[in-house]
A.B. asks: 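Here it is, the structure, as structure tokens.
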Amino acid sequence: MAAKKAKATNTVALSKDQFKDAIVKHLRSTCGTDEARANNQAWWKATCAAVNELVFDRLTETSKANADKDSRAVHYLSLEFLMGRLTVNNMHNVGVFGAARDALADLGKDVNDICDEEPDMALGNGGLGRLAACFIDSLATLNYPAVGYGIHYEHGLFRQEIQGGRQIERPDSWREYGNPWEICRPESIQEVPLYGYVETVFGEDGKMRKVWHAGRQIKGVPWDIPVVGYEAKTVNVLRLWESKAADFFDWDVFNAGGYIDSQSEKSQAEAVSKVLYPNDESEAGKELRLIQQYFFCACSLKDIIRRYKRNHSDFSQFSKQAVIQLNDTHPTVAIPELMRILIDEEGLVWDDAWKICTETFAYTNHTLLPEALEKWAVYLFEKVLPRHLEIIYEINRRFLEDEVEAKWPGNDEMKRHLSIIEEGETRMVRMAYLCVVTCFKTNGVAAMHSELVKEDLFPEFYELWPERFVNVTNGVTPRRWLLACNEQLANMYNETVGTDWPRKLDELKGAAKFADDAKFQKNFMAIKREKKVELADKIEELCGIKVSPDAMFNVLIKRLHEYKRQHLALLHILALYRRLLENPDYDMGPQVFIFGSKAAPGYKLAKDIIYAINKVADKVNNDPRIKDKLKVVFMPNYRVTLAEKLFPAGDVSLQISTAGYEASGTGNMKFALNGALTLGTMDGANVEIREEVGDENIFIFGMDCDEVKALKAAGYNPWDYYYGNPELKAVLDWLETDFFTPGAPGELASIKHSLLEGGDPYLVLADFESFTTQYTAVDVAYRDQKKWAKMAIINSASVGKFNSDRSIEDYVDRIWKLEKVMPN
Ligand code: CBF
């Protein structure tokens with residue numbers, strides 16, 4: 001066991017003693033302290049510096065190999081990279097976790113305490129940003145040439161505090177005291193123009209040219225985060241752009257006494273990379289957001305072109321060398337920017353520039369929600385990016401006059417419908433249309449979602465270009481989401497199926513044959529219990545609530561949104577509570593409901609739901625009448641680091657979105673991998689999880705997508721459900737009383753109103769009965785621990801498909817067409 005355990009986490013790259021020497025050396029030479037005086041911050045930084053000795057070597061080798069081979073690379077443009085912490089992940093990937101842990105132990109330090117010093121790099125909102133982080137991990141692991149491009153936000157997603165049950169947002173400062181993982185590259189600074197006007201000029205050859213006279217320039221300073229492949233030679237780069245004033249301090253104004261004004265240019269420029277917009281699934285609608293998008297696209301394109309020009313004197317090979325993946329519509333402005341560079345700066349004619357763009361860009365759609373499909377007001381574009389608007393108009397004119405006219409001759413209504421410019425009181429640029437019109441591939445993120453992208457979102461575009469639409473089902477990296485966060489289960493799998501599974505997750509299948517084995521079941525459930533004990537301790541530390549690890553842990557962790565239906569779970573909790581109050585012997589096993597979620601600061605109902613969960617929790621957890629059979633926990637400040645404790649400890653994974661609304665979900669995959677059973681709707685990747693684990697090992701409830709559409713078409717009336725189900729009526733009415741908010745009746749009423757007067761847009765009431773019924777089945781199944789163990793093992797062993805390495809191979813095969821550069 002011991003030998004296998006060592007290999008489990010590492011191929012040894014440094015011995016314990018070498019690592020010890022490296023840490024001690026860096027305490028002195030990097031941190032300016034020594035073993036006797038260093039605090040944990042310094043120990044952490046010295047440990048990172050020791051790891052970086054290996055990382056930086058590989059980084060240099062990788063960039064040299066890529067340059068020498070002039071390899072085709074993918075450029076993943078994303079406004080969000082939700083990286084979490086890097087230390088443990090990098091130690092595992094580079095092969096020194098065991099050595100580092102033992103070296104620190106010898107030096108009297110606990111690896112967990114040291115790694116706890118690292119703030120989360122929370123440069124993303126949720127699923128989309130975390131997916132980007134998993135993808136760059138997999139690209140490096142698979143040795144594919146890739147660069148991630150994003151923004152070096154000064155403040156990542158806000159830190160959530162809960163005060164009196166309500167969410168309070170606090171700024172997140174992830175690099176206040178320096179971050180050992182990033183390298184500033186001033187040699188690659190870029191200038192970005194903004195505002196101004198466009199002039200038409202005629203050259204001596206009589207040819208017309210457009211010249212954009214920018215009103216402002218800002219500077220993009222690149223910070224590189226090394227992305228370390230697991231047991232791989234590749235270390236790729238995540239390049240994040242920080243905005244600075246081009247000439248940041250105006251001495252003339254300062255000398256003339258304008259102390260404040262001299263700083264204003266600087267502040268305006270720095271505002272661009274100051275904060276991540278905390279709106280998940282919805283457009284921020286701010287000029288600053290458009291500037292953010294353009295800023296990082298412009299910097300990244302200049303960077304890509306600079307690298308391309310090292311080996312090429314014209315653009316004929318550009319699309320063979322570079323593929324640019326647009327992660328959602330956020331980086332769409334890269335399209336007119338590349339057109340502008342090619343035509344205005346490089347002198348290409350329109351057709352040649354357009355051909356390059358249509359062969360270079362690909363687009364991933366992550367949602368069908370209309371409010372998340374970005375549209376920018378034409379007037380805003382005109383103000384901030386006047387030349388880009390002209391280019392978009394021309395793309396649109398050619399698209400409508402050539403392609404739409406050819407397919408639907410004389411059909412003006414169709415032209416209006418498909419136009420990249422939406423007419424109306426405020427004319428808008430439809431960014432998703434611009435993507436689909438340009439990109440050689442458009443993909444959805446789960447099989448069902450990709451079908452809906454074709455059928456419901458872009459049906460006419462699909463009719464025009466069926467070959468452009470593909471699916472790539474999401475995945476998660478098993479290195480972070482099993483190996484690093486659940487060492488106990490990882491070791492058990494090493495014993496059972498060998499140590500290749502962190503790369504080849506399908507190998508876990510080998511464990512399924514032990515699903516009936518009593519000893520295996522016992523060990524598997526003992527590990528689950530250990531993780532639940534760890535979580536219970538964390539819950540007590542953070543929330544002051546005692547929960548029993550023997551209760552069934554139901555976990556719902558994701559951004560707060562009505563379509564994700566946290567309030568459906570809340571109604572069910574109220575129903576259980578009511579049943580227990582009416583009959584203290586009501587037959588149910590002890591249950592804990594655990595929530596973790598951030599609400600966008602301006603999303604009132606989402607914040608009300610957080611408040612309601614906390615108020616219900618206060619009451620339920622302190623009610624002696626129900627004898628601890630039910631507990632409710634809201635864990636504050638849900639983020640990657642907390643997720644790493646929650647996924648391994650869950651028994652039931654709640655994936656309860658309205659069918660047709662969750663594009664994929666990735667938490668569902670992480671839970672199943674760690675042996676939780678899904679209670680979910682036929683939505684997103686739940687559908688594919690069910691295919692993998694089998695119908696008998698998952699709990700599906702509620703309407704499917706067709707039923708949702710049919711009910712909406714027939715005219716959904718939530719009052720029918722309210723009056724038709726006395727329990728539902730009772731719990732909704734309960735929210736209006738002051739039972740949960742003594743002395744303040746009506747504080748929770750907004751939830752009821754949204755579900756009745758508000759029309760219940762996500763059909764919570766329609767699915768309530770099916771949900772509670774299926775929950776009874778879950779409870780019964782859980783109480784048969786042998787049966788449950790079998791189901792949990794099958795879940796964990798069967799989800800090899802959801803390895804993000806597989807997703808990346810699908811992207812390579814269907815879209816990117818890359819070749820590996822570094823050897824395996
Ligand atoms: O594809 C990754 C994830 O993206 C979202 O989070 C998004 O921001 N649109 C979706 O909501 C998830 O379903 C999806 O898994």
Side-chain angles (χ1 to χ4, degrees), residues 76 78-82 122-138 150 157 276-284 325-331 362-374 431-432 435 442-453 457 470-477 481 556-566 597-600 603 606 638 640 643 653-672 678 680-689 705 762 801-802 804 806-808 810-811:
Y76 200 83
S78 178
L79 261 191
E80 304 190 11
F81 286 92
L82 191 42
L123 310 186
N125 274 291
L128 174 147
R130 185 52 232 172
L131 186 78
C134 284
F135 278 4
I136 56 175
D137 176 284
S138 285
L157 186 59
L276 165 84
Y277 272 89
N279 278 1
D280 199 34
E281 315 280 2
S282 73
E283 180 232 310
Q325 190 68 32
L326 305 175
N327 196 26
D328 219 293
T329 52
H330 314 152
Y363 154 59
T364 304
N365 173 279
H366 291 270
T367 184
L368 305 168
L369 286 190
E371 68 265 33
L373 293 167
E374 288 185 306
M431 302 308 266
C435 283
T442 290
N443 77 284
V445 290
M448 175 178 153
H449 171 239
S450 295
E451 285 309 305
L452 294 173
V453 165
L457 195 60
V470 289
N471 172 52
V472 180
T473 297
N474 284 344
V476 302
T477 165
W481 297 112
L556 209 178
I557 43 176
K558 49 184 81 236
R559 282 301 289 258
L560 219 142
H561 199 289
E562 285 162 88
Y563 85 80
K564 296 181 190 275
R565 302 200 294 190
Q566 281 92 348
S597 209
K598 288 181 180 172
Y603 190 171
Y638 177 62
V640 173
S653 151
L654 289 170
Q655 308 298 334
I656 61 178
S657 51
T658 320
Y661 285 84
E662 188 70 88
S664 162
T666 44
N668 44 8
M669 302 167 185
K670 295 166 199 165
F671 271 122
T678 306
T681 46
M682 286 297 274
D683 200 17
N686 296 351
V687 175
E688 286 160 84
I689 291 177
C705 187
Y762 299 100
K801 170 176 176 182
F802 304 106
S804 47
R806 189 272 314 143
S807 307
I808 290 302
D810 286 352
Y811 274 100

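Because the structure is a prediction, the values reported are computed rather than measured. Both counts, for ligands and for their atoms, begin at 1 and track the order of listing.
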A.B. asks: Does Y563, backbone or side chain, put an N or O under 3.5 Å from an N or O of ligand 1?
C.D. replies: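 Yes, there is a polar N/O contact under 3.5 Å.
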A.B. asks: Just how far is it from atom CG of N471 to atom OG of S450, taken to the nearest 0.5 Å?
C.D. replies: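 Rounded to the nearest 0.5 Å, the CG-OG separation comes to 3.0 Å.
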A.B. asks: Would you kindly specify which portion of N474 sits under 4.0 Å from ligand 1, judged on non-hydrogen atoms: side chain, backbone, both or neither?
C.D. replies: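 The answer is the side chain of N474.
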A.B. asks: I need the T678 OG1 to M669 CE distance, nearest 0.5 Å.
C.D. replies: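 If we round to the nearest 0.5 Å, T678:OG1 and M669:CE are 10.5 Å apart.
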A.B. asks: Give the atom numbers and elements of ligand 1 that come within less than 4.0 Å of a heavy atom of A663.
C.D. replies: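 Once the distances to A663 are compared, the set is 13 (O).
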A.B. asks: In terms of side-chain heavy atoms, does E80 have a donor or acceptor partner in N125 at a distance below 3.5 Å?
C.D. replies: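 Indeed, the side chains of E80 and N125 share at least one donor-acceptor pair under 3.5 Å.
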A.B. asks: Can you list the atoms of ligand 1 that are under 4.0 Å from a heavy atom of T367?
C.D. replies: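 Here the atoms of ligand 1 in question are 9 (N).
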A.B. asks: Would you check whether S664 has a nitrogen or oxygen atom less than 3.5 angstrom from a nitrogen or oxygen atom of ligand 1?
C.D. replies: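 Such a contact does occur with ligand 1.
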A.B. asks: Rounded to the nearest 0.5 Å, what separation is found between the CZ atom of F81 and the CZ atom of F135?
C.D. replies: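 These two atoms lie 11.0 Å from each other.
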A.B. asks: Are the side chain of R565 and the backbone of Q655 linked by a donor-acceptor contact shorter than 3.5 Å?
C.D. replies: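 Side chain of R565 to backbone of Q655, a donor-acceptor pair under 3.5 Å: no, none is there.
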A.B. asks: Which one of R130, H366, E662 has a non-hydrogen atom at the shortest distance from atom 12 (C) of ligand 1?
C.D. replies: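 Shortest heavy-atom distance from atom 12 (C) of ligand 1: E662.
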A.B. asks: Please enumerate all residues that pass side chain to side chain donor-acceptor pair (under 3.5 Å) together with D328, with sequence neighbours excluded.
C.D. replies: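 Not a single residue meets the side chain to side chain donor-acceptor pair (under 3.5 Å) criterion with D328.
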A.B. asks: At a 4.0 Å threshold, what atoms of ligand 1 neighbour a non-hydrogen atom of G665?
C.D. replies: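 Counting from 1, the qualifying ligand atoms are 12 (C), 13 (O), 14 (C), 15 (O).
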A.B. asks: Flag K564 as yes when one of its N or O atoms lies below 3.5 Å from any N or O atom of ligand 1, and as no otherwise.
C.D. replies: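 No; every N/O pair is 3.5 Å or more apart.
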A.B. asks: Assess the pair Y603 and H561: is the distance between their ring centroids shorter than 6.0 Å?
C.D. replies: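 Between H561 and Y603, which both carry aromatic rings, the centre distance is below 6.0 Å.
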A.B. asks: What do we get for V445 next to ligand 1 when only non-hydrogen atoms under 4.0 Å count, side chain, backbone, both or neither?
C.D. replies: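 The answer is the side chain.
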